[in-house]
Engineer: 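Encoded as structure tokens, here's the structure I'll be asking about.
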Amino acid sequence: MAGLELLSDQGYRIDGRRAGELRKIQARMGVFAQADGSAYIEQGNTKALAVVYGPHEIRGSRSRALPDRALVNCQYSSATFSTGERKRRPHGDRKSCEMGLQLRQTFEAAILTQLHPRSQIDIYVQVLQADGGTYAACVNAATLAVMDAGIPMRDFVCACSAGFVDGTALADLSHVEEAAGGPQLALALLPASGQIALLEMDSRLHEDHLEQVLEAAAQAARDVHTLLDRVVRQHVQEATVLLGD
Amino acid sequence: MASVALSEAEKVYIVHGVQEDLRVDGRGCEDYRCVEVETDVVSNTSGSARVKLGHTDILVGVKAEMGTPKLERPNEGYLEFFVDCSANATPEFEGRGGDDLGTEIANTLYRIFNNKSSVDLSSLCISPREHCWVLYVDVLLLECGGNLFDAISIAVKAALFNTRIPKVRVLEDEEGAKDIELSDDPYDCIRLSVENVPCIVTLCKIGCRHVVDATLQEEACSLASLLVSVTSKGVVTCMRKVGKGSLDPESIFEMMESSKRVGKVLHMSLQSILHKEESLGPKRPKVGFLG
């Protein structure tokens, strides 16, 4: 792939987007009837499913129960056919465990766990197709699933990735842009207060550029929030129509 | 397997209803629930299919990769099955919890395909003893609403129908070194014939009658089931009894006749749906999980 320009002179990326433009996002809540809450999101070619069970009694050892708040348990799993090269194990490897821990950290910051002491909330995320920005898609899907389950949260959790090429910050990286090896930032934001739930950066980035990249990711996360808000309102409207006046 | 707790009264209600050929949702003993099949759901696979049978949701992806043929069959490619019981279906499948069920289903799939006629494996051979196509069939169990084996076999058949394997040519130069060349046109590919691919029909024995396509509640009332793998012509490729109860021989013969009847109808409807979907061409609207 020598000579593949991530950002052309006219300011277009490989898939024709502008630097700060997001991929097409489509989402749906209530995909599965048997789970407490579920959601599906498509961000460009990245597809993720999230399912929430809870709050319910702690499974396994009772000693893990926290006396004043709920335990949030996350598992990240990506299907063996999700990547270009076939993956051998869907979950249990280091990357999936790390992603699970990051999701747990993100949602412990957002869910009002004090309302459900001594109980457990399970969030299971499944990536069906991975084309970059899998962490962001998982967080967005999980937010919708937690809302579908009716678990109270402080705010939406919206996530987006960002990179830096040729002096410009790019928002919502695709797989090709991630594989090119430049700096990548993953940001999970609570939009109303502007608080950051998770911030992770890979590779080298000069500190002078950090603010620009952070602002690009934050703006993209706020755009995602607008879309997710619309999806939730539409879902509630459909549900109330079905219930009748 | 994900199960549901039923009271004795509920079990008696279901058993009595089945004796009268009337199930809880109004079906007869040999009726399937409404099946939704969609192919080409995941784009970076060679073929994929999603099947929704009541509350059971299955996603199958087929990836074709080049490998070496097995020693005892040098002129054929082969299929590898992997079943992932995702924690989405039930929290019991978290971590390694779903491995047992996954291995059981994968072994059943190996057995039903373990015969000469199901899939034409010699069409997967590129050059004997050196290169062949290996089809990795990966099954993802997303929601468990009873009757897993049937839904999985329908999804595998649909995914194999949808599989497009690129055409390759083997070039040999003067020193004898072989080079494999992929054709330039991305739409130039070979398709598999799924005429003889079998589907599993599960018959659960409830009381003294048997039912097809049991829900979770009905599975909780049945002590023994018979899994029969039938092709579209009514040929049985594999048969297995599961469950902790026992079956007497007459009921096994009855169940087998029943499964052949039901299997033929199932294959016919599946073929017609797949051909109808194919005839809509590449412009058909893809729904996936958004619909």
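Convention: sequence-line order gives letters A, B, ...; per-chain numbering from 1.
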Engineer: Quiz question: by atom type and distance under 3.5 Å, do the side chains of Ser43(B) and Gln129(A) form a donor-acceptor pair?
Structural biologist: yes
Engineer: Side chain from CB out, backbone as N, CA, C, O: work out which of these in Ser82(A) comes under 4.5 Å of a heavy atom of chain B, or both, or neither.
Structural biologist: backbone
Engineer: Side chain, backbone, both or neither: which part of Thr83(A) has a heavy atom under 4.5 Å from chain B?
Structural biologist: backbone
Engineer: Is it true that, when you exclude Leu71(B) itself, more than 12 heavy atoms of the residues, nucleotides or ligands shown sit nearer than 6.0 Å to its CG?
Structural biologist: no
Engineer: Just by distance, with hydrogens left out, do Glu277(B) and Thr39(B) show a side-chain donor and acceptor under 3.5 Å apart?
Structural biologist: yes
Engineer: So which of Gly288(B), Gly95(B), Gly145(B), Ser86(B) has the biggest tally of heavy-atom pairs under 4.5 Å with chain A?
Structural biologist: Gly95(B)
Engineer: Side chain from CB out, backbone as N, CA, C, O: work out which of these in Val62(B) comes under 4.5 Å of a heavy atom of chain A, or both, or neither.
Structural biologist: neither
Engineer: Can any side-chain N or O of Ser48(B) pair as donor or acceptor with the backbone N or O of Val60(B) at less than 3.5 Å?
Structural biologist: no
Engineer: Who among Ile41(A), Val125(A), Asn73(A) has the most heavy-atom pairs with chain B under 4.5 Å?
Structural biologist: Asn73(A)
Engineer: Tell me, side chain or backbone of Asp138(B) under 4.5 Å from chain A's heavy atoms, or both, or neither?
Structural biologist: both
Engineer: Which one of Arg59(A), His91(A), Gln26(A) has the most heavy-atom pairs closer than 4.5 Å to chain B?
Structural biologist: Arg59(A)
Engineer: Return the option, out of Ala33(A), Ala35(A), Ser77(A), Gly54(A), with the maximum number of heavy-atom pairs under 4.5 Å with chain B.
Structural biologist: Ala33(A)
Engineer: For Ala50(A), is it the side chain, the backbone, both or neither that has a heavy atom under 4.5 Å from a heavy atom of chain B?
Structural biologist: neither
Engineer: Just by modelled atom types, is the Arg33(B) backbone N or O under 3.5 Å from a matching donor or acceptor in the Asp213(B) side chain?
Structural biologist: yes
Engineer: Hey, which of Gln75(A), Arg28(A), Glu85(A) has the most heavy atom pairs under 4.5 Å with chain B?
Structural biologist: Arg28(A)
Engineer: Mind checking whether Phe81(B) and Phe113(B) have parallel, tilted or perpendicular rings, split at 30° and 60°?
Structural biologist: tilted
Engineer: Examine whether an atom of Tyr53(A) lies under 4.5 Å from a heavy atom of chain B, and if so say whether it belongs to the side chain, the backbone or both; otherwise answer neither.
Structural biologist: side chain
Engineer: Below 4.5 Å, heavy-atom pairs only: which of Ser96(A), Gly84(A), Ala130(A) has the largest tally toward chain B?
Structural biologist: Gly84(A)
Engineer: Relative to chain A, which segment of Asp57(B) carries a heavy atom at a distance below 4.5 Å: side chain, backbone, both, or neither?
Structural biologist: side chain
Engineer: Minimum heavy-atom separation for Val211(B) and Arg23(B), please, with both atom names.
Structural biologist: CB-CZ, 3.9 Å
Engineer: So what's closer than 4.5 Å to chain B heavy atoms on Asp131(A): side chain, backbone, both or neither?
Structural biologist: neither
Engineer: Give a yes or no answer on whether the side chain of Thr226(A) reaches the backbone of Arg222(A) with a donor-acceptor pair at less than 3.5 Å.
Structural biologist: yes
Engineer: Over 60° means perpendicular and under 30° means parallel, so tell me whether Phe289(B) and Tyr40(A) are parallel, tilted or perpendicular.
Structural biologist: tilted
Engineer: Are Asp122(A) and Gln120(A) close enough that a side-chain donor and a side-chain acceptor fall under 3.5 Å?
Structural biologist: yes
Engineer: Which of the residues Glu42(A), Gln126(A), Arg86(A), His56(A) is involved in the greatest number of heavy-atom pairs with chain B at under 4.5 angstrom?
Structural biologist: Arg86(A)
